[in-house]
Amino acid sequence: MPTTGKSYRRKSTSLTRGFIAATTGGAALVLPLVCAGFASAAPAQTVAAEKAAASSAATVKEISVQKAAPAVHSVTVGDTLSKIAREYSVSGGWQKVYEENREVVGGSPALIVPGMKLTIGAKAGSHASTGVSAVSGAAPATTTTAAPAVKPATYTNNLDGWIRESLAVMAKHGIPGSYDGIHRNVMRESSGNPRAVNNWDSNAVAGTPSKGLLQIIDPTFRAYHVPGTSLDSYDPVANITASCNYAADKYGSIDNVFGAY
């Protein structure tokens, strides 16, 4: 029988629906894989940063150790603690050098003799590791130890004691000179007699005789007098110190004097 005319509407096939579902499902599966790819990069970046920080910290530590390396100075004729401090640009001056080498120098900072080995920067180097951590930014804990009290130096009332006391005063004022240089000139000028007076040379004729251990005339003594010593030109320590101050101005050091000056 002839079929009456009807209009049929094509339905979506299961294949088409399945394709869409598969496509949608496929997109859902891809997203976690992409996210996982980005997430896996984070641990690698963290490890690289930690390695870089550790390397930086090691470099800072190596530089600190290199800068802290102390120097050893061998004392020569004409050296003083003040001169050595200036030569090595020591922060704290001759006092710092003396503090670091007290066991070598002894009770008098002025008594350094040729051949002594002085360590410059030893105590600074022992604290070189103290500072701010390159990784954490925190300063390590430090322990402060009180320095022992320094006993005042005592000197014998003889030529040896006068020279040593004068050297201590000279060191405080940056006046160069050594024990041997002073002793050699004292023995030539006065034979160690602090009351010696020259009454026959041209100075004596002019009314200003040479006096004391290093035979200095009064005008020169007053011009080169060092604060902290006696104003009496016969005083052994004052006489030596003023004479060495004069010799330093004229000849560079009493150590450079080998005759009348």
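Start at 1 with the first residue, then count along the sequence.
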Do you know the tightest heavy-atom contact between [X] and [Y]?
{"X": "L111", "Y": "M116", "answer": "O-CE, 3.7 Å"}
{"X": "S74", "Y": "K117", "answer": "OG-NZ, 3.2 Å"}
{"X": "I84", "Y": "H73", "answer": "CD1-CD2, 3.6 Å"}

Between W200 and N198, do the side chains contain an N or O donor and an N or O acceptor separated by less than 3.5 Å? yes
Distance-only polar pair, side chains of S166 and T241, donor-acceptor under 3.5 Å: yes
Are any of the side-chain heavy atoms of [X] and [Y] separated by less than 4.5 Å?
{"X": "H225", "Y": "L231", "result": "yes"}
{"X": "L159", "Y": "H183", "result": "yes"}
{"X": "V169", "Y": "I240", "result": "no"}

Do any N or O atoms from the side chain of [X] and from the backbone of [Y] form a donor-acceptor pair under 3.5 angstrom?
{"X": "Q215", "Y": "A196", "answer": "yes"}
{"X": "N245", "Y": "Y224", "answer": "yes"}
{"X": "N239", "Y": "L214", "answer": "yes"}

Using a strict 4.0 Å threshold on nitrogen-to-oxygen distance, state whether D160 and R164 make a salt bridge. yes
Taking the inter-plane angle between the rings of W94 and Y98 on a 0 to 90° scale, is it parallel (under 30°), tilted (30 to 60°) or perpendicular (over 60°)? tilted
Using the ring of each side chain (for Trp, its six-membered ring), is Y261 parallel, tilted or perpendicular to Y246, with breaks at 30° and 60°? tilted
